[in-house]
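These notes concern the structure reproduced below.
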Amino acid sequence: MAQRIIIDPVTRIEGHAKISIFMDDAGNVSDAEFHVVEFRGFEKFCEGRPYSEMPGITPRICGICPVSHLLAAAKAGDAIMAVSIPPAADKLRRLMNLGQLIQSHALSFFHLSAPDFLLGWDTPQAKRNVFGLIASNADLARAGIRLRQFGQEVIQVLGGQKIHPAWAVPGGVRSALTEEGRARIRAWLPEAYATTKTAFDLWKKVLDSHKKEVEIFGNFPSLFMGLVEPDGTWEHHGGKLRFTDSSGSIIADQLDPQKYYEYIGESVQTSSYLKSPYYSPLGFPDGMYRVGPLARLNVAEQMGTPKADVEFKKFKKLGRGRSAVTSSFLYHYARLIEILTSIERVEAYMDDAELLSEDLRADAGINSLRGVGVSEAPRGTLFHDYTVDRDGLLRKVNLIVATGQNNLAMNQTVAQIARHYVRGNTIPEPMLNRVEHGIRCYDPCLSCSTHAIGQMPLHVQLIAPDGTVLHEVARG
Amino acid sequence: MAAKTLTIDGKQVSADESVTILDAATDAGIKIPTLCHLDGVYDVGACRLCLVEVAGISKLLPACTTKVSEGMDIKTDSERLRKYRRMTLELLFAERNHVCAVCVDNGHCELQALAYSQGMDHVRYDYCFPKWEVDNTHTLFGMDHNRCILCTRCVRVCWHIEGAGTKNVSGRGGKARIITDLNQPWGTADTCTKCGKCVMACPTGALFNKGSTVGEMERDRTKLEFIVTAREKKQWIAD
Ligand code: SF4
Ligand code: SF4
Ligand code: FES
Ligand SMILES: [Fe+2]
């Protein structure tokens with residue numbers, strides 16, 4: 001009799017992640033499913049609104065990554081106006097995205113994941129959190145919090161104090177960087193570099209002591225997708241899309257993000273609430289791909305900044321030559337390298353006089369009835385696809401978010417971990433912590449993943465082939 | 001030009017018999033909340049926010065349309081008035097769809113500012129959630145009926161300052177709405193001169209410059225008043 005284990009951390013228990021683990025007739029784990037809420041309702045809600053309001057509306061989708069939605073919405077607006085925005089505006093948007101990458105990755109690494117690395121899997125949940133980290137390594141915890149503040153400062157200097165600034169708008173941005181803002185950002189740089197170095201030192205130790213995790217936390221073949229520059233350099237806000245496979249070969253390159261629907265299909269899974277995008281030439285589910293830091297580094301040939309490139313070479317070696325780095329545990333490493341290149345890029349912008357320019361916003365009417373905005377959010381490629389009528393009112397909205405694109409990979413990660421720990425018909429305690437971390441590798445943007453105490457409320461079910469729930473654990 | 005003597009909030013005031021309680025109070029430095037009133041055009045008493053108490057009269061009177069008279073004893077602030085004003089505001093919010101956080105007028109909206117100043121922290125009535133459309137057919141401006149409070153400021157400036165007569169009110173009660181020409185899309189209304197006075201007059205995010213994003217609609221209403229005064233006093237004739 002096949003059975004099902006549900007780790008339901010992301011269940012519909014408000015703010016919980018729900019996980020189902022399916023058992024086969026032989027009593028082994030066959031599959032797993034991490035349930036994520038989707039954005040359909042939101043897409044519907046926007047219909048009938050002027051597209052120009054979207055940079056104000058869409059940041060409300062997610063309190064964790066409002067900046068990513070802001071930038072993608074503004075870009076989709078550029079496409080509807082069919083304008084190329086002033087160079088200064090493009091640089092300023094990029095600067096804000098770099099701030100977002102830094103703050104989000106710092107939160108993921110220091111607040112959410114470091115407690116697991118440093119305190120150990122089997123430390124009681126009550127202590128395995130940022131407070132436990134403060135108790136055991138106050139300096140590290142503080143440095144991590146400050147690094148996040150630095151990223152937030154970059155965002156605030158540009159967008160103002162408001163939580164959801166509609167600072168980026170169709171055609172450009174509303175305001176430039178000021179001398180004063182530049183000085184504020186500059187002042188943080190030495191500390192940001194120092195903290196990043198500490199993080200890399202710590203990570204090296206983690207890598208030595210977590211060989212098993214590298215093996216089983218989402219280590220499987222898949223495609224990877226991310227933006228790259230024309231020469232294959234890491235990108236985060238412009239460029240074109242590239243897909244590579246797990247042997248590291250490029251299978252498609254310089255794809256126009258505006259036409260994503262020509263190579264990305266969206267399969268709707270009945271059991272889940274999310275659309276699962278796939279690379280359509282390979283079909284579903286073979287065309288499954290991962291996005292986010294790991295994927296961006298897999299598709300890139302270099303980071304394009306000196307310090308990050310040193311680490312990037314070491315990272316690539318983990319793929320043993322030509323093949324891609326396939327373990328999702330290494331998302332953490334990729335995240336640190338992205339923090340480093342972001343800091344380097346922010347620093348370079350501090351010497352760029354164009355960021356003080358007053359030519360910031362192109363103006364135009366409706367010149368294209370469909371516009372797609374693509375940007376690399378901290379968690380992966382984000383697509384905003386708007387169809388408007390002649391008057392600029394939205395007729396159709398399609399959003400493809402990172403967590404949706406990684407959903408299948410998260411399922412496989414959970415299944416792989418479960419296979420190592422589930423024996424019989426119960427959910428063993430050690431598995432819970434590891435499954436939780438397996439999901440955390442992807443840093444999914446669920447409200448639960450931001451809980452300040454850094455612990456993900458889980459609801460896990462073990463399910464038999466006939467649908468019977470064999471065992472169920474909820475903890476929050 | 002006979003002068004009347006009256007009392008507003010205990011303050012002795014003298015005002016010409018032709019002026020309203022609102023004018024007299026404003027001259028005396030007393031602020032009465034208003035919403036449909038707009039300097040430069042006549043008043044219609046549509047919003048009822050300016051209600052005041054007059055001694056000896058049991059019902060509340062709108063300050064913007066009530067003329068002063070001899071010996072009036074007026075109160076512009078009381079528990080009763082505050083209660084009614086809050087209620088009026090709550091009804092305005094419940095009637096259509098106001099989502100300030102994403103509104104083009106956020107931070108500059110008169111309705112929103114009044115809600116703050118009158119301490120309206122929640123709405124006790126059920127929201128109607130009506131289905132209203134956005135008219136984005138005009139080349140320069142947009143109209144979001146979801147945010148319209150039917151103050152008719154736009155109608156009055158359109159008829160009496162610009163003289164175009166494009167805007168009107170159609171329907172009654174919950175179905176009432178601002179229309180352009182013969183109830184047709186604004187972009188097809190031939191009489192519209194594209195002057196933008198209505199956009200400048202609107203107290204909320206209902207009328208906006210096309211392409212505006214959150215909080216971007218800042219209006220300079222003194223320009224409207226300037227046009228009127230300039231016309232009456234022939235100030236535009238350069239010397
Ligand atoms: S019109 Fe004013 S009250 Fe209505 S949503 Fe906009 S800001 Fe809020
Ligand atoms: S559109 Fe604006 S000015 Fe006109 S009635 Fe509505 S709220 Fe008043
Ligand atoms: S201001 Fe007097 S009724 Fe509106
Ligand atoms: Fe998010």
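Letters go in sequence order (proteins before strands), and every chain restarts at 1. Any value given below was found using the heavy atoms of this structure, including those in side chains, with hydrogens, waters and symmetry copies removed.
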* Asked: Between B:R147 and A:E53, is the closest basic N to carboxylate O distance under 4.0 Å?
  -> yes
Heavy-atom neighbours of B:F226 CZ exceed 12 at 6.0 Å
no
Rounded to the nearest 0.5 Å, the CG atom of A:D363 sits from the NZ atom of B:K210 at a distance of 11.5 Å
Turns out that what part of B:N146 lies under 4.5 Å from chain A's heavy atoms comes down to side chain
Margin query: Please determine whether the number of non-hydrogen atoms from other residues, nucleotides or ligands lying under 6.0 Å from atom CD of B:E133 exceeds 12.
Written below: no
If you tally heavy-atom pairs under 4.5 Å between each of B:T139, B:V104, B:D144 and chain A, the highest tally belongs to B:D144
Check the surroundings of atom OH in B:Y116: do more than 12 heavy atoms from other residues, nucleotides or ligands lie under 6.0 Å from it? no
Rounding to 0.5 Å, atoms NE2 (B:H138) and CG (A:D391) come to a distance of 11.5 Å
A:R174/B:T213 under side-chain hydrogen bond (donor to acceptor under 3.5 Å, both in side chains): CA gap, chis, key distance, verdict: CA-CA 10 Å; A:R174 286 203 208 174; B:T213 57; 2.8 Å; yes
Derivation of the side chain to side chain contact (heavy atoms under 4.5 Å, CB included) call for A:R390 and B:T137: CA-CA 8 Å; A:R390 290 260 158 237; B:T137 57; over 6 Å; no
- Task: Test B:E216 against A:R361 for salt bridge (Lys or Arg N to Asp or Glu O under 4.0 Å), laying out the working first.
- Result: CA-CA 14 Å; B:E216 265 197 308; A:R361 194 166 176 179; 2.5 Å; yes
Here the gap from B:N136 atom CG to A:S52 atom OG, rounded to the nearest 0.5 Å, amounts to 7.0 Å
